[in-house]
Every structure is written in structure tokens, then in C-alpha cells.
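Side-chain atoms are counted along with the backbone in the values below, which use heavy atoms only and exclude waters and symmetry mates. Every value quoted in this text rests on a predicted model; they were computed, and no experiment measured them. Residue numbering restarts at 1 for every chain, and letters A, B, ... go by the order of the sequence lines.
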Amino acid sequence: MCPLCGWDVLVSYLICGTLHSVDQYLNIKLTDISVTDPEKYPHMLSVKNCFIRGSVVRYVQLPADEVDTQLLQDAARKEALQQKQ
Amino acid sequence: MTIQHNTGTLPSQEKHLVLLRDGRTLIGFLRSIDQFANLVFHQTVERIHVGKKFGDIPRGIFIVRGENVVLLGEIDMDKPCDTVLQQVSIEEILEEQRLQQQAKQETEKAKVTALKDRGLSIPKADNLDEY
């Protein structure tokens, strides 16, 4: 579906899981989730899959070794140049 | 895997849990969801967590506006969940919550006074969002 699907991501330093899908609003569907601090957030003990509304997500941490940083930097640089013109 | 990709009505054998922006947790049978994440819940229960205790308040049928939704999860009946949590009565959990809110307000007041003494001030957060 998208090249990032199947990666393990950490959303807003709270919820870790496998990225199942993303949509146009950047809503995130995660499977096999785990909460980083289960004592602070006990609600999620029996939840395995979840849907996270894109509008509330502040950060998504991706596995560093799966990302080609050179390619990313080049693409970002090109994008910035295009936007300037 | 029973993740729903559609919008509209769902076969609702599984209970769903929704976290709202104001910090509330609602649990119930999800009857419908649309592209804005507006939700219709059936046999809804509002679950209040304080420390290791929790309490359920029955709320009936709920319609949640999508902008208030943080997270929607499927409750897995097989996963062992109540091992650490202890269910208490509604009155008790409301009392615990009141005490927790009171304690939070007191620490906040102490922080503000301490800062004021040092000539600093933090602008108060106007939004009531927890997440």
C-alpha cells in the first residue's frame, strides 16, 4: 500500500506498533501496539490494533536503519529549491 | 486481523475503545464510523482510571464528533487485561478522580507561586486537551 507499511513506528512517544496503513489525512492504523508507559496509560492493556486520527499526531518515529538519509536529504533539498522558485 | 477499512456500518462483535481529546475513555460497540472519524457507540461505558483503580459509568448511546477523537482501538477479548487493574464502584472512582484533580491543582498552584517569586510566569494553557 505504502512503502512504510510493516515498519515499527513510535507515535508521539506514547504508542509503538507496526504500521498497517496510512490515508490521505495521515490517519494511522497500527497493529500489535504497546504503550511506552503502561502505568500512566492503563487504558490500552487489552487493545491490539488501533486507529489514530492524523490531526492529533505530533511525531512519528521511524526505524533509523530503514531510512536512506542521503536520499531523504537530497529530496528535501530539491523540494526546498522548488518551493523557493 | 479485523481492522475495518470501510466507513459506514460495521459488524460489531468486538468492543471498541476510544480516547478523546479531553482525556476521557469510552468503551462500547462501535456502530458506525465515517471519513471524519465521527463515531456512533452503543452500550457505551465511560471508564475512569485513577492509579491502579478504574470505574465504569454506563452512558447509553454516544455520538462522538471526529475532531475530538485521539485514538480508536479494538478491545481484544483474548488478551489478559484485568491483571493489574482493580474495578471499583462509581462513587469511589469519582472520589479518587476528584482527589487526583485537587492534587494536580495544588502542585500547579505551588509551581506558579514559585515561579512568580522568581519573577517568571508561564502562560496558562487555554485548551482543555489532554493529548
Side-chain angles (χ1 to χ4, degrees), chain A residues 1-67 72 76 79, chain B residues 1-7 10 14-27 30 33-39 45-56 64-87 127 129-131:
Chain A
M1 191 188 293
C2 63
L4 286 86
C5 289
W7 291 11
D8 283 329
V9 299
L10 179 68
V11 178
S12 298
Y13 299 111
L14 286 178
I15 297 161
C16 187
T18 310
L19 188 60
H20 175 267
S21 61
V22 181
D23 64 10
Q24 49 172 320
Y25 305 109
L26 301 187
N27 294 330
I28 298 173
K29 277 194 176 141
L30 295 178
T31 57
D32 278 332
I33 53 172
S34 55
V35 184
T36 49
D37 196 352
E39 286 210 1
K40 223 177 161 201
Y41 304 102
H43 332 48
M44 308 281 293
L45 286 181
S46 39
V47 179
K48 260 218 262 192
N49 309 325
C50 74
F51 161 91
I52 303 178
R53 199 166 197 267
S55 60
V56 304
V57 173
R58 193 165 280 129
Y59 311 107
V60 180
Q61 284 177 270
L62 307 167
D65 41 1
E66 298 257 23
V67 177
L72 193 62
E79 182 97 21
Chain B
M1 191 156 41
T2 49
I3 291 193
Q4 307 291 345
H5 289 268
N6 56 346
T7 59
L10 312 158
E14 301 291 326
K15 270 202 167 174
H16 281 77
L17 174 154
V18 65
L19 280 174
L20 302 178
R21 286 222 312 249
D22 61 1
R24 270 191 259 248
T25 310
L26 297 178
I27 297 176
L30 185 63
I33 181 170
D34 66 3
Q35 71 267 40
F36 305 109
N38 292 331
L39 311 169
V45 146
E46 179 182 337
R47 184 163 286 189
I48 303 178
H49 286 270
V50 180
K52 291 242 160 45
K53 304 188 191 158
F54 74 92
D56 286 346
V64 182
R65 189 180 160 86
E67 66 172 321
N68 298 295
V69 172
V70 171
L71 179 153
L72 174 63
E74 238 173 321
I75 293 194
D76 204 352
M77 288 316 199
D78 308 320
K79 222 177 169 196
C81 57
D82 294 315
T83 42
V84 278
L85 298 177
Q86 174 204 13
Q87 181 159 19
N127 55 342
D129 287 353
E130 291 284 323
Y131 301 102

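The shortest side-chain heavy-atom distance between B/V70 and A/R53 does not fall under the 4.5 Å cut-off. No side-chain heavy atom of B/H16 sits under 4.5 Å from any side-chain heavy atom of A/V47.
Within the 4.5 angstrom heavy-atom criterion, atoms from both the backbone and the side chain of B/I75 approach chain A. No part of B/I27 comes within reach of chain A, as not one of its non-hydrogen atoms sits under 4.5 angstrom from that chain. Of the atoms belonging to A/I15, it is side-chain heavy atoms, and not backbone ones, that fall under 4.5 Å from chain B.
Partners of A/D32 by side chain to side chain donor-acceptor pair (under 3.5 Å), not counting sequence neighbours: none found. Under the side chain to side chain donor-acceptor pair (under 3.5 Å) criterion, B/E67 pairs with B/R65, not counting sequence neighbours. Under the side chain to side chain donor-acceptor pair (under 3.5 Å) criterion, A/T18 pairs with A/D8, sequence neighbours left out.
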Decide side-chain contact (heavy atoms from CB on, under 4.5 Å) for B/L71 and A/M44; before the verdict, give the C-alpha distance in whole Å, the side-chain angles of both, and the deciding distance to 0.1 Å.
-> CA-CA 10 Å; B/L71 179 153; A/M44 308 281 293; 3.6 Å; yes

task = Starting from the C-alpha separation in whole Å, work towards a yes-or-no answer on side-chain contact (heavy atoms from CB on, under 4.5 Å) for A/H43 and B/H49.
result = CA-CA 8 Å; A/H43 332 48; B/H49 286 270; 3.8 Å; yes

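Counting all heavy atoms, side chain and backbone alike, B/G51 lies closest to A/P42 at O-CG, 4.5 Å.
Expressed to the nearest 0.5 Å, how far CZ of B/F54 lies from CG of A/L45 amounts to 10.0 Å. Going from atom SG of A/C50 over to atom CG of B/L17 covers 9.5 Å, rounded to the nearest 0.5 Å. The CD1 atom of B/I33 sits 5.0 Å away from the CZ atom of A/F51 when rounded to the nearest 0.5 Å.
Of residues 54-64 of chain A, those residues with a non-hydrogen atom less than 4.5 Å from any non-hydrogen atom of chain B are, in numerical order, A/V56.
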